[in-house]
Amino acid sequence: MSAFNASAYLRESIESILTQTYRNFEFLIIDDGSSDETALIVSEYRDPRIRFQRQSNRGLTETLNTLLAEANGEYIARMDADDVSLPERFHDQLNHLEANGDVVALGTAAHYVDRAGRCLFRRRHVQLCRGTSHYDALAFMSFRMISASASWAS
């Protein structure tokens, strides 16, 4: 999880990962140079699955690349600091990946909500399978959301 000035939603986001029914994962969080209470909020958690570090602001892409380099798990789930995951998310995604060996990327269904919690719109989940050409995958991802989360299943 990359977090930049995320204090407004961060606790709910972190809690949604820590309360997953599938429990065997590492949770990598980088504070990307926040000027709010982001680092303080993350440091309040004493869960051994969390690995937290702070850095000067480098932007989302570089921070995600750092997180990928640090991850130890077989699978990677991406999570934004303002996202909330349902409790069965990891369990369901892992079961789907293991039951469907040709799937190489899996997204989640998402409900986009306003500050009051009202649903603005929904996106359905997607998956890419082995044999999908690089060009077709890029074209597909241009029009579909692939993933909306972050934690590392190990």
Side-chain angles (χ1 to χ4, degrees), residues 1-32 34 36-55 59-61 63-130 132 137 140-141 143-154:
M1 174 185 291
S2 174
F4 176 72
N5 290 337
S7 62
Y9 306 103
L10 190 56
R11 280 186 180 88
E12 186 176 10
S13 185
I14 290 172
E15 291 296 328
S16 77
I17 295 302
L18 295 178
T19 58
Q20 291 291 302
T21 58
Y22 180 84
R23 315 258 325 140
N24 185 23
F25 59 86
E26 63 180 344
F27 190 5
L28 307 181
I29 304 172
I30 292 180
D31 176 3
D32 189 31
S34 297
D36 67 358
E37 301 295 315
T38 294
L40 178 64
I41 291 168
V42 177
S43 67
E44 292 171 358
Y45 289 90
R46 300 289 177 228
D47 191 297
R49 296 171 294 178
I50 294 176
R51 288 185 16 220
F52 175 59
Q53 67 184 42
R54 297 179 75 185
Q55 66 183 26
L60 181 60
T61 302
T63 301
L64 292 176
N65 284 332
T66 299
L67 289 164
L68 285 171
E70 295 290 325
N72 294 314
E74 180 179 356
Y75 299 105
I76 295 175
R78 189 169 160 334
M79 180 78 174
D80 287 323
D82 62 350
D83 289 348
V84 175
S85 289
L86 295 174
E88 297 284 329
R89 176 183 169 221
F90 289 172
H91 174 266
D92 292 348
Q93 288 181 320
L94 184 61
N95 283 346
H96 184 82
L97 288 167
E98 300 217 341
N100 299 279
D102 61 328
V103 174
V104 296
L106 179 64
T108 61
H111 293 212
Y112 291 77
V113 298
D114 63 16
R115 290 182 188 264
R118 292 182 299 260
C119 185
L120 301 172
F121 61 94
R122 298 174 188 167
R123 300 262 183 181
R124 295 186 328 168
H125 75 280
V126 295
Q127 65 184 24
L128 295 176
C129 297
R130 291 189 200 290
T132 302
F140 183 77
M141 288 186 285
F143 298 102
R144 302 273 195 275
M145 173 173 287
I146 291 296
S147 182
S149 9
S151 277
W152 289 257
S154 54

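Residue numbers count from 1 along this sequence.
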Kindly compute the distance separating [atom1] ([X]) from [atom2] ([Y]), expressed to the nearest 0.5 Å.
| X | Y | atom1 | atom2 | answer |
| --- | --- | --- | --- | --- |
| D36 | F4 | CG | CZ | 8.0 Å |
| T19 | L86 | OG1 | CG | 10.0 Å |
| R51 | N72 | CZ | CG | 5.0 Å |
| L67 | L60 | CG | CG | 9.0 Å |
| L40 | S7 | CG | OG | 9.5 Å |
| Y45 | F27 | OH | CZ | 9.0 Å |

*Does any donor atom in the side chain of H91 or N95 lie under 3.5 Å from an acceptor atom in the other side chain?*
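Distance-only check passes for H91 and N95.
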
Apply side chain to side chain donor-acceptor pair (under 3.5 Å) to [X] and list each qualifying residue two or more places apart in sequence or on a separate chain.
| X | answer |
| --- | --- |
| T63 | D32, Q55 |
| R11 | E44 |
| E37 | none |

*asked:* Would you say that more than 12 heavy atoms from the other residues, nucleotides or ligands in this model lie under 6.0 Å from the CD of E12, or not?
replied: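 No, because the 6.0 Å sphere around CD of E12 holds 12 heavy atoms or fewer from other groups.
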
[X] and [Y]: which non-hydrogen atoms are nearest, and at how many Å?
| X | Y | result |
| --- | --- | --- |
| D80 | S13 | O-OG, 3.2 Å |
| L18 | R23 | O-NH1, 2.7 Å |
| A77 | F90 | CB-CE2, 3.8 Å |
| A39 | R54 | CB-NE, 3.3 Å |
| A81 | S2 | CB-O, 3.8 Å |

Given side chains that start at C-beta, do those of [X] and [Y] come closer than 4.5 Å, heavy atoms only?
| X | Y | result |
| --- | --- | --- |
| D31 | V42 | no |
| I17 | R49 | no |
| D47 | I14 | no |
| M1 | L10 | yes |

